[in-house]
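All values reported here derive from a predicted model rather than from experimental measurement.
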Amino acid sequence: MTTSASALFEVERLRDVLDGSIVLPEDADYDAVRTIVSGAFDDRPAVVVRAASVDDVVRTVRLSRDTGLDLAVRSGGHSNAGHGSVEGGIVLDLRLLKDLHIDPAVRIATAQAGLTAAE
């Protein structure tokens, strides 16, 4: 899939308002960031958005909707089916979202999607 110039323009606009970061194929850390645990998949997304806030998630989903680029959401990157990546689209990487709040009075825990079992 070839990413259109207008889609790349929208990606650059997102960079200006993002709390997290954007990783593109020409960036030095692209291969490390795009790789998922299962070695059976070697997708090359057009962009990896490393979300650092809920607003980043909303902005990225809107970017996918507005540009028509396919969206894959990655939490831990352990999907054996390869769902954490997409060829030529957007990977929304949630691994930086690690907040955990436990309210023992009402016995409710709220965990962000980037937390792993070990954390």
Side-chain angles (χ1 to χ4, degrees):
M1 172 183 222
T2 304
T3 307
S4 72
S6 63
L8 291 175
F9 175 76
E10 293 301 320
V11 167
E12 287 303 320
R13 286 185 50 200
L14 178 64
R15 185 189 304 267
D16 294 337
V17 296
L18 209 61
D19 297 317
S21 61
I22 289 177
V23 181
L24 298 172
E26 60 268 17
D27 295 332
D29 58 345
Y30 175 77
D31 282 328
V33 172
R34 75 174 178 89
T35 303
I36 59 175
V37 174
S38 172
F41 302 93
D42 191 29
D43 292 330
R44 299 189 63 79
V47 59
V48 177
V49 177
R50 303 196 73 208
S53 67
V54 173
D55 285 341
D56 286 355
V57 173
V58 171
R59 289 177 181 121
T60 303
V61 171
R62 286 181 179 155
L63 174 70
S64 173
R65 178 197 63 200
D66 294 347
T67 62
L69 291 172
D70 290 338
L71 177 67
V73 179
R74 175 185 304 152
S75 292
H78 288 86
S79 170
N80 287 332
H83 296 300
S85 193
V86 62
E87 183 67 33
I90 301 168
V91 170
L92 174 55
D93 188 342
L94 304 177
R95 292 180 289 183
L96 299 177
L97 299 175
K98 296 182 180 287
D99 283 346
L100 173 64
H101 176 74
I102 300 173
D103 186 338
V106 293
R107 300 176 61 169
I108 294 177
T110 305
Q112 288 187 323
L115 280 171
T116 64
E119 294 168 326

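Once rounded to the nearest 0.5 Å, the distance linking CG of Leu92 with OG of Ser75 reads 8.5 Å. How far CG of Asp29 is from OG of Ser21: 7.5 Å, rounded to the nearest 0.5 Å. In this structure, CG on Asp103 lies 7.0 Å from CD1 on Ile108, to the nearest 0.5 angstrom.
Smallest separation of non-hydrogen atoms from Asp43 and Ser85: CB-OG, 3.2 Å. Taking both residues in full, the closest heavy atoms of Ile22 and Val11 are given as CD1-O, 3.4 Å, listed atom of the first, atom of the second, then distance. The minimum heavy-atom distance between Glu87 and Asp42, with the atom names listed, is OE1-O, 4.2 Å. The heavy-atom pair separating Ser53 from Leu97 by the smallest distance is N-CD2, 3.5 Å. Across all their heavy atoms, Gly89 and Leu69 have their closest contact at CA-CB, 4.4 Å. Among all heavy-atom pairs drawn from Asp31 and Arg44, the shortest one is OD1-NH1, 3.5 Å.
Without hydrogens or angle criteria, Tyr30 side chain to Pro45 main chain gives a donor-acceptor distance under 3.5 Å. The main-chain N or O of Arg74 is never found under 3.5 Å from a side-chain atom of Arg95 such that the two would form a donor-acceptor pair.
Through chains of ILVMFWY side-chain contacts below 4.5 Å, Leu100 is grouped with Ile102, Leu115. Residue Leu96 shares its hydrophobic cluster (ILVMFWY side chains chained together at separations under 4.5 Å) with no other residue.
For the pair Leu24/Glu12, a side-chain contact is recorded, criterion being any heavy-atom separation below 4.5 Å from C-beta on. Counting only heavy atoms from C-beta outward, the side chains of Glu10 and Val47 never approach each other to under 4.5 Å.
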query = Stepwise, does the side chain to side chain contact (heavy atoms under 4.5 Å, CB included) test hold for Val91 with Arg34?
reply = CA-CA 8 Å; Val91 170; Arg34 75 174 178 89; over 6 Å; no

inquiry  = Before you tell me yes or no, could you show the steps for Leu71 and Val86 under side chain to side chain contact (heavy atoms under 4.5 Å, CB included), namely the whole-Å CA-CA distance, both residues' side-chain angles and the distance that decides it to 0.1 Å?
reply    = CA-CA 7 Å; Leu71 177 67; Val86 62; over 6 Å; no

query = Would Arg13 and Asp16 count as a salt bridge (Lys or Arg N to Asp or Glu O under 4.0 Å) if you check the C-alpha gap in whole Å, the side-chain angles of each, and the deciding distance to 0.1 Å?
reply = CA-CA 5 Å; Arg13 286 185 50 200; Asp16 294 337; over 6 Å; no

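Tracing side-chain contacts under 4.5 Å through hydrophobic residues (I, L, V, M, F, W, Y), one never reaches Val17 starting from Val58; they form parts of separate clusters.
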